[in-house]
Amino acid sequence: MRIIELNDTTRNHLLENLLKRSPNSYGQYEQTVNEIIHQVRTKGDEALFAYTLKFDKCTITPDTIKVTKEEIEEAYTKVDPAFVEVMKKSSENITKFHKKQLHNSWIAPEDDGTILGQKITPIEISGVYVPGGKAAYPSSVLMNVLPAKVAGVARIIMTTPPGADGKVNPGTLVAADIAGVNEIYKAGGAQAIAAMAFGTESIPRVDKITGPGNIFVALAKKACFGYVSIDSIAGPSEILVLADETAAPRYIAADLLSQAEHDEMASAILITTSRSLAKQVSEEVDIFTQKLSRKEIIEKSLENYGYILIAQNMDEAIDAANEIASEHLEILTKNPFEVMTKIKNAGAVFLGEYSSEPLGDYFAGPNHILPTNGTARFFSPLNVDDFLKKTSIISYSRDALSKVHKDIELFAEKEGLTAHANSIKVRFE
């Protein structure tokens with residue numbers, strides 16, 4: 001891996017380079033995506049089935065688009081029973097964590113007759129997109145569905161592309177069954193996003209779409225936002241490790257490569273105060289890479305977006321980490337909890353040498369659907385709140401309103417909205 005000094009020039013270059021990975025940088029595909037959305041919106045199933053045949057080489061009909069109970073039962077016979085049990089344990093951890101995020105509706109009455117409050121209601125239908133083929137990740141099914149279940153969403157549907165044989169990845173089906181998905185449809189790509197956003201004869205319109213996908217899926221979610229809510233427009237995966245001289249080079253190298261193997265646009269960055277550690281990590285990365293199954297992807301990823309940055313001190317390293325605002329941030333220092341208190345921007349923070357990033361991907365419980373491309377500056381991980389609506393409650397008695405009606409009328413008149421003022425005035429004529 002390249003080792004460079006951390007300074008204003010290298011930091012600015014790094015940030016500029018990382019931003020190239022954002023889905024917002026792929027405008028050349030938007031016209032194609034918009035045409036797919038238009039066709040599905042106007043022609044429904046007809047367009048959806050045509051695109052499934054074109055892109056997935058699979059003929060789907062109204063009778064075969066929905067996954068049957070028998071197909072789910074068959075999927076269980078194709079998945080290692082030990083893996084099924086692990087998914088169940090993971091599901092329990094995810095559910096337990098997200099239950100802590102729940103809050104209740106509240107009402108606050110005052111003695112003067114004022115009643116204010118907030119009513120919390122789950123959305124009615126949530127839609128989950130799950131990639132197919134080699135990019136099928138049962139863990140993402142659990143992470144997308146379980147927060148919605150905890151929130152109380154009554155109907156959760158899932159779309160995922162079928163293979164040419166009309167089958168869906170069995171691991172995906174088992175994970176969906178464990179998580180409690182109500183309906184599963186064989187549809188993928190931008191056309192599946194459009195189907196969930198606007199509805200077709202077979203697929204219901206949903207209130208929110210979550211889940212990862214390729215650039216076409218990401219752009220389709222972006223284009224449909226406003227007609228439907230979305231979780232985020234996710235970019236490629238990324239990890240940033242903050243380390244001092246006490247960290248184990250071998251652990252750091254392994255953790256960096258755990259993200260570099262995702263795809264050629266994944267980012268793996270180490271910021272350290274130790275020049276010796278930097279050199280050792282680079283050597284360990286080279287050794288590991290030769291042994292790993294996704295060697296070519298890793299090498300391309302590190303060539304494009306892999307960095308080891310040497311900072312003058314830990315404060316400088318922390319400032320850079322906050323500016324990068326990484327999806328995953330590991331802190332491998334003498335006092336990781338102390339460093340953590342200074343972190344402002346990160347999707348998920350992993351503390352100590354036994355809290356490697358895959359722990360969060362699969363098992364610990366916090367959601368692994370995280371803000372990417374610096375959006376951790378203003379976005380949060382997927383959580384229960386994403387599936388809840390908050391409605392304000394306002395009730396004033398005549399006495400309560402009489403004490404403030406002139407203030408409200410003045411405010412309205414200063415904004416030139418005389419009908420607003422009149423709506424208050426008429427009650428005291």
Side-chain angles (χ1 to χ4, degrees), residues 11 14-26 94 97-98 101 126 128-131 137 139-140 142-148 151 193 208-215 217-226 228-242 255-256 258-260 262-263 265-269 271 301 305 318-331 340 342-351 355 357-362 364-388:
R11 184 164 57 197
L14 171 63
L15 292 169
E16 182 180 342
N17 193 36
L18 292 177
L19 286 174
K20 294 176 183 176
R21 303 157 60 248
S22 169
N24 292 321
S25 301
Y26 290 83
I94 296 166
F97 177 85
H98 286 84
Q101 298 175 343
S126 177
V128 179
Y129 182 83
V130 179
Y137 300 116
S139 59
S140 282
L142 302 180
M143 294 290 183
N144 275 281
V145 175
L146 291 171
I193 301 300
K208 181 156 194 157
I209 300 173
T210 66
N214 61 20
I215 189 62
V217 169
L219 290 175
K221 288 170 69 177
K222 178 182 177 183
C224 292
F225 177 64
V228 65
S229 178
I230 64 171
D231 49 354
S232 65
I233 306 167
S237 188
E238 56 200 32
I239 185 171
L240 190 153
V241 179
L242 273 180
D255 295 354
L256 292 172
S258 73
Q259 295 309 291
H262 268 295
D263 63 64
M265 296 180 69
S267 169
I269 299 170
I271 305 179
S301 169
Y305 304 107
I318 292 169
D319 286 345
N322 280 325
E323 196 166 0
I324 293 169
S326 185
E327 177 188 17
H328 307 102
L329 173 64
E330 289 189 3
I331 302 178
M340 182 268 293
K342 300 177 183 179
I343 296 300
K344 301 174 183 176
N345 304 323
V349 180
F350 301 79
L351 303 172
S355 306
E357 187 277 335
L359 174 65
D361 272 351
Y362 298 116
N367 212 289
H368 79 195
I369 299 167
L370 304 167
T372 58
N373 281 104
T375 59
R377 292 180 295 113
F378 44 82
F379 280 146
S380 304
L382 189 71
N383 61 84
V384 168
D385 277 355
D386 286 303
F387 302 95
L388 297 173

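What's counted below: heavy atoms across the whole structure, side chains too, no hydrogens, waters or symmetry copies. For clarity, every value in this text was computed on a predicted model and none was experimentally measured.
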Engineer: Quick one: NZ on K221 to CG on D231, what's the gap to the nearest 0.5 Å?
Structural biologist: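 Result: 3.5 Å between the selected atoms.
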
Engineer: Should F350 and V241 count as side-chain neighbours, where that means a heavy-atom distance under 4.5 Å?
Structural biologist: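 They are not in contact (no side-chain heavy atoms under 4.5 Å apart), so the answer is no.
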
Engineer: Could you please spell out the steps behind the side-chain contact (heavy atoms from CB on, under 4.5 Å) verdict for L329 and L242?
Structural biologist: CA-CA 7 Å; L329 173 64; L242 273 180; 4.2 Å; yes

Engineer: On a heavy-atom basis, which atom in S140 and which in H368 lie closest, and how many Å separate them?
Structural biologist: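 Shortest heavy-atom contact: OG-NE2, 3.0 Å.
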
Engineer: Checking side-chain contact (heavy atoms from CB on, under 4.5 Å) for the pair T210/I230: CA distance, chi angles, key distance, verdict?
Structural biologist: CA-CA 6 Å; T210 66; I230 64 171; over 6 Å; no

Engineer: So, for P212 and V217, which heavy atoms are closest and what is the spacing to 0.1 Å?
Structural biologist: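 Result for this residue pair: O-CG1, 4.3 Å.
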
Engineer: Would you say the side chain of D385 lies within less than 4.5 Å of the side chain of P147, judging by non-hydrogen atoms?
Structural biologist: no

Engineer: Please report the shortest heavy-atom distance between S139 and D361, naming the atom on each side.
Structural biologist: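 What the structure gives for the nearest pair is CB-O, 3.8 Å.
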
Engineer: Locate the shortest heavy-atom distance separating V128 from N144; write the atom from each residue and the value.
Structural biologist: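 Heavy-atom minimum between the residues: CG1-CB, 3.6 Å.
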
Engineer: Examine distances only and state if a side-chain atom of Q259 and a backbone atom of I239 form a donor-acceptor pair shorter than 3.5 Å.
Structural biologist: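 Absent.
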
Engineer: Do D386 and K208 make a side-chain contact, defined as non-hydrogen atoms from C-beta onward lying under 4.5 Å apart?
Structural biologist: yes

Engineer: Within the 4.5 Å heavy-atom criterion, are D319 and E323 side-chain neighbours or not?
Structural biologist: no

Engineer: Could you walk me through whether F387 and L382 pass side-chain contact (heavy atoms from CB on, under 4.5 Å), step by step?
Structural biologist: CA-CA 9 Å; F387 302 95; L382 189 71; 4.2 Å; yes

Engineer: Looking at side-chain heavy atoms only, is the closest gap between M143 and I94 below 4.5 Å?
Structural biologist: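 They are in side-chain contact.
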
Engineer: How far does CD1 of I209 sit from CZ of F225, to the nearest 0.5 angstrom?
Structural biologist: 11.5 Å

Engineer: Taking all non-hydrogen atoms of both residues, which atom of H328 and which atom of S237 are closest, and how far apart?
Structural biologist: CE1-OG, 3.8 Å

Engineer: For E357 and D255, indicate whether the former's side chain and the latter's backbone hold a donor-acceptor pair under 3.5 Å.
Structural biologist: no

Engineer: How far does OH of Y305 sit from CD1 of I269, to the nearest 0.5 angstrom?
Structural biologist: 11.5 Å

Engineer: Measure across P131 and G213 and return the closest heavy-atom pair with its distance rounded to 0.1 Å.
Structural biologist: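 Scanning both residues, the minimum pair turns out to be CG-CA, 4.2 Å.
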
Engineer: I need the L15 CG to N373 CG distance, nearest 0.5 Å.
Structural biologist: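 Output value for this atom pair is 11.0 Å.
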
Engineer: Taking A266's backbone N and O only, do any of them form a donor-acceptor pair with S301's side chain (distance below 3.5 Å, no angle check)?
Structural biologist: yes

Engineer: If we ignore hydrogens and angles and just use 3.5 Å, is the side chain of E238 paired with the main-chain N or O of E327 as donor and acceptor?
Structural biologist: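 Yes, E238 side chain to E327 backbone: donor-acceptor pair under 3.5 Å.
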
Engineer: Would you please classify the geometry between the Y137 ring and the H262 ring as parallel, tilted or perpendicular, with 30° and 60° separating the classes?
Structural biologist: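 The rings of H262 and Y137 stand perpendicular, inter-plane angle above 60°.
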
Engineer: Nearest 0.5 Å please: distance from the OH atom of Y129 over to the CD1 atom of I193.
Structural biologist: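 It is 6.5 Å, given to the nearest 0.5 Å.
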
Engineer: Output the distance between atom CG (L219) and atom SG (C224), rounded to the nearest 0.5 Å.
Structural biologist: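 Separation between the atoms: 11.0 Å.
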
